[in-house]
Amino acid sequence: MQTKRTEDYLPKAAVIRKITVENSQIKTFELAFADEESNRSFHYLPGQFMMVSVPHHGEAPISFSSTPTRLGTIQLSVRRAGALTAFMHTMEAGDQIGLRGPYGKPFPRANLEGRHLLFIAGGIGLAPLRSVINYCLDREAAFPRLTILYGSRLPSDIAFHTDLAAWRNHPRISCFLTVDAAEPGWDGAVGLVTALLDRADIDPAATTALVCGPPMMIGATLKELSGRGFADDNILTTMERHMKCGIGVCRHCHMDSKLVCVDGPVFSRAQLLQLDVAEVQS
Ligand SMILES: Cc1cc2nc3c(=O)[nH]c(=O)nc-3n(C[C@H](O)[C@H](O)[C@H](O)COP(=O)(O)OP(=O)(O)OC[C@H]3O[C@@H](n4cnc5c(N)ncnc54)[C@H](O)[C@@H]3O)c2cc1C
Ligand code: FES
């Protein structure tokens, strides 16, 4: 195993430029490194993540929700979950956090280029997919057609309203929403996100699916896509495991023989079927 130096664990200071409230649980933080050279030399791709830290409050992996095609913007969308993320939700523009990365493997471009892309998201799972969707919109020739299926628990849990409004009006995108349970005023679909597959016009042979969400949703969706004729190589998802180092040293994020931080977080169903992983067990 490659030896790591202390510097590999040192976060760089980043300033919160803007905070967007996406719903009662999720905020998007727009960030810039405190030193200009780091901003100039920073590169990432959709699917990768940063280790985000605040002294005395912890460190956690958070995926990019922005696209690198829009230069100078790092956006991380954070759901309030525990110590670090709850503290981040109290922070304001101008405050500083620590960032190290980017880490992990991105969504593989070769599986996406020229194909119909089907994005299936549950809850905060739309954050990493937002990065890919906006990347694809900015690279029109390579990614001609996108379909988005997004499921939330309740209508009031729907996040990324500004993006959803833009995507729903975009000529290259078909976008469908559903909720597990309706609230007064909701006249949209009610039911599992996989039920939306019946509304979309999809040829499995020409389509690659990108699935992000809670483990149960991932398990059900991967199985459904396979049953509908998607090849296992054309079903991509992101896996979550608790992380400490983020760089392949501590093994906290092990998933059978793989480490999510360096071998993932993006995996195809074909890769997952080789592993003993709860999300693909029926
Ligand atoms: C690759 C990757 C990308 C991610 N991207 C995002 C993202 O874009 N946005 C986002 O909001 N989140 C994302 N997450 C999830 C995020 O990293 C976790 O929610 C993280 O735990 C939050 O840190 P925290 O300190 O706020 O909460 P924690 O204190 O870590 O607590 C979070 C929850 O995990 C439980 N928990 C804590 N420690 C353990 C443990 N050792 N074993 C089991 N359960 C435990 C707690 O009880 C609590 O319910 C991502 C995770 C991964 C692996
Ligand atoms: S988080 Fe340490 S090996 Fe993955």
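Note that the numbering runs from 1 along the sequence shown for the chain. Both counts, for ligands and for their atoms, begin at 1 and track the order of listing.
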Before accepting this row, confirm whether a basic side-chain N of the pair Arg70/Asp138 lies closer than 4.0 Å to the acidic partner's carboxylate O. yes
Students should find this: residues with any non-hydrogen atom under 4.0 Å from ligand 1. What is the answer? Phe49, Ala60, Pro61, Ile62, Ser63, Ser77, Val78, Arg79, Ala81, Gly82, Ala83, Leu84, Thr85, Ile124, Glu240, Arg241, His242, Met243, Pro265
Do the side chains of Val277 and Ile235 join up, straight or via other hydrophobic residues, at under 4.5 Å, putting them in one cluster? yes
What do the steps show when you test Gln75 against Thr28 for side chain to side chain donor-acceptor pair (under 3.5 Å), and what is the final call? CA-CA 6 Å; Gln75 288 175 354; Thr28 296; 5.9 Å; no
side-chain contact (heavy atoms from CB on, under 4.5 Å) between Leu112 and Val132, intermediate numbers included: CA-CA 10 Å; Leu112 310 184; Val132 200; 4.2 Å; yes
Could you tell me whether Arg115 and Asp203 make a salt bridge, using a distance below 4.0 angstrom between a side-chain N and a carboxylate O? no
For Glu37, salt bridge (charged side-chain N to carboxylate O under 4.0 Å, His left out) partners two or more places apart: Arg40
Using the test salt bridge (charged side-chain N to carboxylate O under 4.0 Å, His left out), find all partners of Arg168 that sit at least two apart in sequence or belong to another chain. none
Any idea how many protein N, O or S atoms are nearer than 2.8 Å to atom 2 (Fe) of ligand 2? 2
What's the shortest heavy-atom distance between Met50 and Leu76, and which atoms? CG-CD2, 4.4 Å
Stacked cation flag Arg100 on Tyr103, 6.0 angstrom / 45 deg: no
